[in-house]
2 protein chains.
Amino acid sequence: MDEFNTSKPIYLQLADRINRLIVSKELKAGQKLQSVRDMALSYNVNPNTIQRTYSELEREGILETRRGQGTFVTEQEDRLIQLRGNLKEEQIQTFVQIMQEMGYSSDEIISGLQDHLNKKDKGDA
Amino acid sequence: MDEFNTSKPIYLQLADRINRLIVSKELKAGQKLQSVRDMALSYNVNPNTIQRTYSELEREGILETRRGQGTFVTEQEDRLIQLRGNLKEEQIQTFVQIMQEMGYSSDEIISGLQDHLNKKDKGDA
DNA sequence: ATTAGTGTACTATGACATTAATACACTTAC
DNA sequence: GTAAGTGTATTAATGTCATAGTACACTAAT
């Protein structure tokens with residue numbers, strides 16, 4: 001698993017992934033993450049890169065690190081609830097902005113999205 | 001106007017903007033763009049950066065340059081129609097993927113989007 | 001105490017984005 | 001032909017991302 005976009009730093013792409021894992025409850029409050037070295041092996045990147053990712057998320061209050069023990073998802077559930085809402089709004093906001101910049105109306109955006117989801121839902125089911 | 005994201009090269013962010021201007025018909029087929037030097041002044045970046053943006057879009061067949069004359073939107077309207085469709089699908093696809101990674105269902109995505117658009121439409125009107 | 005597993009810090013290197021300055025090639029208008 | 005306005009090319013310097021290697025500090029288990 002090492003498909004990274006060239007147009008954005010790897011450590012930020014990893015931070016995005018971890019955020020989404022947390023928001024989707026695949027990583028729960030208080031849960032321990034892979035060690036810097038293990039995660040580096042998993043994603044086939046340098047340990048320093050993982051450390052930057054963890055530092056960034058720690059700075060945002062999402063992760064907490066205990067020296068010698070490991071890195072954990074914060075226990076403060078309110079932060080995670082806030083994160084979930086923030087990421088959702090952020091995604092919707094930038095999506096809508098770009099679609100409107102391209103000249104699509106609100107109706108076109110909704111119907112385009114519905115078409116896409118219908119195709120996917122049928123394909124998966 | 002020089003608000004650029006630090007997590008993506010400026011020349012690609014400018015390419016995105018130009019693509020959207022073309023898709024929204026603010027730039028029409030065959031229309032002349034600002035010169036490399038003028039555009040550099042407008043966006044407060046180095047002329048070399050603009051040149052890279054133009055080269056990239058030329059490589060994609062969106063722009064055409066005539067030495068000594070300037071850089072123009074391609075006359076091939078089919079390319080622009082294709083571009084419009086591609087960019088729309090691309091935006092929808094990545095938006096849906098991220099929302100699903102965060103654990104949102106199709107219904108939640110649609111309703112979240114509708115809420116957002118309702119707020120905006122009322123605010124603007 | 002020792003060991004293994006943590007996070008953390010430091011230096012060096014290579015690749016790339018960006019800026020800067022300069023020069024060249026072509027087209028159009030005068 | 002000259003001048004002004006185009007795109008294009010080259011070189012150098014700076015900053016960031018990522019890798020590589022090494023070392024240190026702390027914790028838990030033995």
Side-chain angles (χ1 to χ4, degrees), chain A residues 1-19 21-22 27-75, chain B residues 1-19 21-22 27-75:
Chain A
M1 318 233 178
D2 53 349
E3 352 72 42
F4 290 106
N5 196 323
T6 52
S7 70
K8 193 175 181 180
I10 292 176
Y11 82 100
L12 289 180
Q13 294 183 53
L14 284 171
D16 288 343
R17 287 206 205 186
I18 292 173
N19 270 335
L21 288 176
I22 292 173
L27 283 174
K28 299 187 177 59
Q31 187 172 343
K32 185 173 182 300
L33 279 76
Q34 280 186 298
S35 77
V36 169
R37 292 167 178 81
D38 283 355
M39 182 85 98
L41 289 176
S42 295
Y43 286 102
N44 205 23
V45 297
N46 192 278
N48 294 340
T49 304
I50 304 296
Q51 193 193 340
R52 271 205 231 174
T53 301
Y54 283 2
S55 298
E56 173 67 17
L57 291 174
E58 191 177 16
R59 195 183 61 77
E60 297 174 13
I62 309 301
L63 300 184
E64 291 171 357
T65 72
R66 302 173 207 149
R67 205 185 183 103
Q69 293 187 48
T71 302
F72 303 80
V73 180
T74 181
E75 302 273 9
Chain B
M1 319 232 177
D2 52 349
E3 354 71 42
F4 291 107
N5 196 324
T6 52
S7 69
K8 193 175 181 181
I10 293 174
Y11 81 99
L12 289 179
Q13 295 183 52
L14 285 170
D16 288 342
R17 287 207 206 185
I18 292 173
N19 270 335
L21 288 175
I22 292 173
L27 283 174
K28 298 186 177 61
Q31 186 173 342
K32 184 174 183 297
L33 278 77
Q34 278 186 298
S35 78
V36 169
R37 292 167 178 79
D38 282 356
M39 182 85 98
L41 289 177
S42 294
Y43 286 102
N44 206 24
V45 296
N46 192 279
N48 294 341
T49 303
I50 304 295
Q51 194 193 339
R52 271 207 232 175
T53 300
Y54 283 2
S55 298
E56 173 66 19
L57 291 174
E58 190 177 18
R59 194 183 62 76
E60 297 174 14
I62 309 301
L63 299 185
E64 291 171 357
T65 71
R66 303 174 205 148
R67 206 185 182 101
Q69 293 188 49
T71 302
F72 302 81
V73 179
T74 181
E75 303 272 10

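Numbered from 1 within each chain, the chains take letters A, B, ... in sequence-line order.
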Using atom [atom1] of [X] as one end and atom [atom2] of [N] as the other, report the distance to the nearest whole Å.
| X | N | atom1 | atom2 | result |
| --- | --- | --- | --- | --- |
| B:Q13 | C:dT18 | CD | C1' | 13 Å |
| B:N48 | C:dC16 | CG | P | 17 Å |
| A:E58 | C:dT6 | CD | P | 17 Å |
| B:R52 | C:dA20 | CZ | C1' | 13 Å |
| A:I50 | C:dT6 | CD1 | P | 14 Å |
| A:Q51 | C:dG5 | CD | P | 19 Å |

[X] side-chain N/O to [Y] backbone N/O, donor-acceptor pair under 3.5 Å:
| X | Y | value |
| --- | --- | --- |
| B:T71 | B:L33 | no |
| B:T53 | B:Y11 | yes |
| B:Q13 | B:N5 | yes |

May I ask you to say what A:S55 touches in the nucleic acid, namely base, sugar-phosphate or nothing, with a heavy-atom cut-off under 4.0 Å?
nothing

Base, sugar-phosphate alone, or nothing: which one does B:T6 contact when heavy atoms must sit under 4.0 Å apart?
nothing

Output yes when at least one side-chain N/O atom of A:T71 is less than 4.0 Å from OP1 or OP2 of C:dT6, else no.
no

What is the first contacted nucleotide of DNA chain D and what is the last, in 5' to 3' order, if contact means an atom lying under 4.0 angstrom from a heavy atom of chain A?
D:dC17 to D:dA28

Under 3.5 Å donor-acceptor pair, A:R37 side-chain atoms to C:dG7 base atoms
yes

Give the minimum heavy-atom separation between [X] and [Y], together with the two atoms involved.
| X | Y | result |
| --- | --- | --- |
| B:A40 | B:N46 | CB-C, 4.0 Å |
| A:G70 | A:K32 | CA-CE, 4.3 Å |
| B:P47 | B:V36 | O-CG1, 3.3 Å |
| A:V73 | A:K28 | CB-O, 3.4 Å |

If you assign A:Y11 and A:Q69 each to the DNA chain D nucleotide with the nearest heavy atom, which residue ends up on the more 5' nucleotide?
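Upstream on the strand: A:Y11.
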
